[in-house]
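Each chain gets a letter, A, B and so on, in the order the sequences are listed, and its residues count up from 1.
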2 protein chains.
Amino acid sequence: MASLTAGNRRPVRLADIAKAAGVSHGTASNVFSRPEIVREEVRERVRAAAEAMGYGGPDPKGRLLRAGKVNAIGVATAEPLSYFFEDPFARVMMAGISQACDATGAGISLVSAANNEQLAWNIQSALVDGFIVFCIEGGSRLVELARERKLPFVALDLASEDGSVAAIGVDNIAGASMAARHLTDLGHRRFAVLALPFADGRTGLVSPEQVRVATYAGTRDRLTGYLQELSRVGIDISKVPVYETANDAASTKAGLETIFASEAAPTAILAMSDRMALVALEWLHARGLDVPSDVSVVGFDGVPEAKVSEPPLTTIAQPIVEMGRLAVKAILDSDGPVSRHQLPVELIVRASSGPPRG
Amino acid sequence: MASLTAGNRRPVRLADIAKAAGVSHGTASNVFSRPEIVREEVRERVRAAAEAMGYGGPDPKGRLLRAGKVNAIGVATAEPLSYFFEDPFARVMMAGISQACDATGAGISLVSAANNEQLAWNIQSALVDGFIVFCIEGGSRLVELARERKLPFVALDLASEDGSVAAIGVDNIAGASMAARHLTDLGHRRFAVLALPFADGRTGLVSPEQVRVATYAGTRDRLTGYLQELSRVGIDISKVPVYETANDAASTKAGLETIFASEAAPTAILAMSDRMALVALEWLHARGLDVPSDVSVVGFDGVPEAKVSEPPLTTIAQPIVEMGRLAVKAILDSDGPVSRHQLPVELIVRASSGPPRG
DNA sequence: CACTTTCGTTGGATCGATTCAATTTTTGCT
DNA sequence: AGCAAAAATTGAATCGATCCAACGAAAGTG
């Protein structure tokens with residue numbers, strides 16, 4: 001019934017206009033892809049036929065099959081799609097990826113789903129030349145799915161233990177160590193750690209046992225870096241509360257409640273992400289605690305928001321944009337050996353850290 | 001030379017494993033797409049063959065051609081790709097689009113290029129089921145290119161005059177009018193307007209003539225709304241400076257310089273975007289002018305940043321997320337007539353506006 | 001035991017283009 | 001005009017899958 005309107009579902013193929021123009025489909029194809037090699041008169045005839053029949057140009061679906069290359073790279077996470085536009089770290093990373101893609105003319109396909117089954121299907125059916133995998137929650141599954149596609153892929157921000165997967169990350173141990181060192185140098189001795197997930201789906205204070213079996217090596221490495229430095233100055237690290245969050249506001253606040261409920265409240269907080277650190281800043285302010293005179297806070301990541309927070313956040317800056325660029329490069333020239341890059345981080349001292357009171 | 005390593009460029013097709021497993025390609029296909037209809041023994045044999053030969057599952061490229069649907073929608077702009085992750089308005093809009101896509105399981109393809117030729121090619125070859133077109137700079141060209149693909153598409157944030165293109169926008173005249181009304185009610189009589197582009201590529205004070213031939217009807221409508229209200233209270237609108245910017249920091253600051261260089265500096269600024277308004281806030285502060293006691297500022301868009309600026313920004317909020325959702329819906333059920341939605345806007349009064357001094 | 005269902009499998013047709021070797025037409029030159 | 005070289009055109013093969021009508025075998029029925 002809907003077909004009453006002009007009665008056709010646009011089945012206009014290149015072959016149709018070739019017939020209409022009285023040329024072979026080979027020639028018709030040339031009119032669009034290499035117009036210079038077909039005689040002007042013929043070219044115009046074909047163009048006119050295309051115009052008349054409402055032909056929208058060669059369908060990329062067809063071309064794709066022959067050409068093999070999609071000219072787009074997929075960026076995958078196990079978060080909902082909006083993660084790409086809402087998470088500060090993801091946004092900066094995507095900006096880096098964008099730059100590299102713009103430079104090479106590649107497109108970006110966002111591949112993602114919070115739902116597990118949907119995610120698998122989306123990865124299996126993504127039309128891309130390769131994947132950049134954001135390893136936050138569900139990282140290992142994601143890597144597994146990407147690997148199954150047998151396309152080039154690179155894991156981001158993951159201290160993957162599996163040397164066979166290409167990965168781009170930072171030196172988490174060194175970075176965390178620098179953060180802790182900065183605070184111990186200032187004289188702090190009572191610490192608390194706001195940790196990223198060690199494994200999927202749980203939050204709360206973590207035990208050494210849980211750290212040992214951590215799924216996420218990156219989280220473990222940062223903790224290792226923190227604790228290494230703390231024990232160096234003689235702090236009993238078994239007394240340092242480590243609260244695992246889901247890197248969102250709610251679980252971070254819960255962590256802060258727990259941490260500050262204890263007798264010996266810390267004078268310094270080591271947060272494994274700027275996102276958590278920024279939440280902490282807000283929470284401390286609401287609680288009437290001054291930063292940095294009551295509590296110092298040091299983040300990790302170096303997102304732009306850290307520059308303009310109240311007070312501006314001391315943090316370990318990752319070369320996020322550069323990582324994004326490298327990732328794209330790794331996909332596009334993915335012939336060589338699996339590329340594993342470990343980039344340096346940098347301590348950026350701002351106003352959220354200072355000597356402890358007294 | 002590179003082919004020494006195992007000497008093959010992965011030409012493993014479904015047909016290959018079918019042959020290896022001793023079944024027809026039809027059956028092999030079924031093993032992956034409808035496993036329940038093939039006998040277990042056969043299924044396992046095929047699966048084993050696939051595993052052994054390193055087959056990564058049915059290639060979506062092939063499936064696509066047959067299926068016809070990509071299951072992804074393209075979002076197009078004439079800006080570089082990073083625009084999606086850096087512009088506040090775009091980010092909120094993308095969040096809305098993401099939500100709708102998550103809900104329906106569709107993917108998102110970012111289609112964009114600052115370079116003209118590249119842009120055309122990218123749109124022509126994008127593997128998508130439809131386009132959502134961000135009409136900022138280069139809007140008309142973009143719409144033209146999208147139209148040529150003969151795919152469903154919807155223009156966002158564009159008061160397109162051409163009734164044949166689906167579009168989702170807000171009532172720009174009413175919104176602008178509300179903004180101006182708010183300020184006239186407060187007692188303001190000396191105004192300046194920071195305008196979005198009327199046409200591509202130029203900035204500076206605009207003449208009525210330039211307004212008349214504006215490419216962007218949305219910009220013109222907002223101006224109409226402002227001026228309608230101003231003349232209603234008896235202001236000589238020919239004296240109101242209207243400075244056209246490129247909606248970036250540089251040209252906005254240039255506009256402010258121009259505006260405040262004049263004898264009778266305005267007591268109120270009407271900015272056609274929050275982005276400009278926020279730049280204005282900063283510029284005025286740096287210049288030593290207090291907002292709102294020296295100058296009131298009212299923006300347009302309602303981006304999240306407006307809530308936390310110093311001072312918080314009075315603005316006309318668009319239902320950005322809702323627009324994103326509607327756009328996706330328009331693409332996905334694109335059978336009906338071209339859908340043109342005009343959504344309402346809302347005046348949000350914050351601290352950046354107040355009565356003029358004296 | 002013949003006869004109908006049901007189930008699993010087969011292989012050809014199709015999706016919409018590009019490519020390339022072969023062929024035809026045009027051009028250029030004497 | 002005659003012939004070689006250059007340019008334009010043709011059409012079959014290919015890309016990698018899915019779909020479906022037809023068919024053979026096994027199971028069920030009188």
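Of the side-chain N and O atoms in A/Arg39, one or more sit less than 4.0 angstrom from OP1 or OP2 of D/dT9. Distances shown here put a side-chain N or O of A/Tyr55 below 4.0 Å from the OP1 or OP2 atom of C/dA17. In this structure, A/Arg63 reaches the C/dT18 phosphate: one of its side-chain N or O atoms is under 4.0 Å from OP1 or OP2. OP1 or OP2 of D/dT18 sits under 4.0 Å from a side-chain N or O of B/Ser29. When the side-chain nitrogen and oxygen atoms of B/Ser24 are compared with OP1 and OP2 of C/dT10, one or more of them lie within a distance under 4.0 Å.
With hydrogens and angles ignored, a donor-acceptor pair closer than 3.5 Å exists between the side chain of B/Arg66 and the base of C/dT14.
Summarising the local packing, CD of A/Glu51 is surrounded by 12 or fewer heavy atoms from other residues, nucleotides or ligands at distances under 6.0 Å. The local environment of CD in A/Glu117 is sparse, with at most 12 non-hydrogen atoms from other residues, nucleotides or ligands closer than 6.0 Å.
Here the nucleotide nearest the side chain of A/Leu65, chosen from D/dT9, C/dT18, D/dC15, is D/dC15. Closest to the B/Pro58 side chain, of the nucleotides D/dT18, C/dA17, C/dC15, is D/dT18. Side-chain proximity of B/Leu14 to C/dA17, D/dT18, C/dT10: nearest is D/dT18. Comparing atom distances between the B/His25 side chain and each of C/dG11, C/dT18, C/dA17 picks out C/dG11 as nearest. The nucleotide whose nearest atom lies closest to any side-chain atom of A/Thr27 is, among C/dA17, D/dA17, D/dT9, D/dT9.
Atom C1' of nucleotide D/dT9 and atom CZ of A/Arg45 are separated by 11 Å, given to the nearest angstrom. Spacing between atom CZ of A/Arg34 and atom C1' of C/dA17 amounts to 13 Å, rounded to whole angstrom units. Counting to the nearest Å, the P atom of D/dG16 and the NZ atom of A/Lys61 are 19 Å from each other. The CD atom of B/Glu36 sits 15 Å away from the C1' atom of C/dT9 (whole-angstrom rounding). One atom, CD of A/Glu41, and another, P of D/dA8, lie 13 Å apart when rounded to the nearest Å. Following rounding to the nearest Å, A/Asn30 (CG) and C/dT18 (C1') show an atom-to-atom distance of 9 Å. Regarding A/Asn71, its CG atom lies at a distance of 17 Å from the C1' atom of C/dA17, rounded to whole Å. Protein atom CG of A/Asp16 is 10 Å distant from nucleotide atom P of C/dC15, rounded to whole Å.
Annotation: A/Phe85 is in aromatic contact with B/Phe85 [ring centroid separation under 6.0 Å].
Taking for each of B/Val42 and A/Gly26 the nucleotide of DNA chain C with the nearest heavy atom, the 5'-most of the two is the partner of B/Val42.
A salt bridge is defined here as a Lys NZ or Arg NE, NH1 or NH2 lying under 4.0 Å from an Asp or Glu carboxylate O, and A/Glu144 with A/Arg147 meets this definition.
Relative ring orientation between B/Tyr83 and B/Phe134 is described as perpendicular, the plane-to-plane angle rising above 60° on a 0-90° scale split at 30° and 60°.
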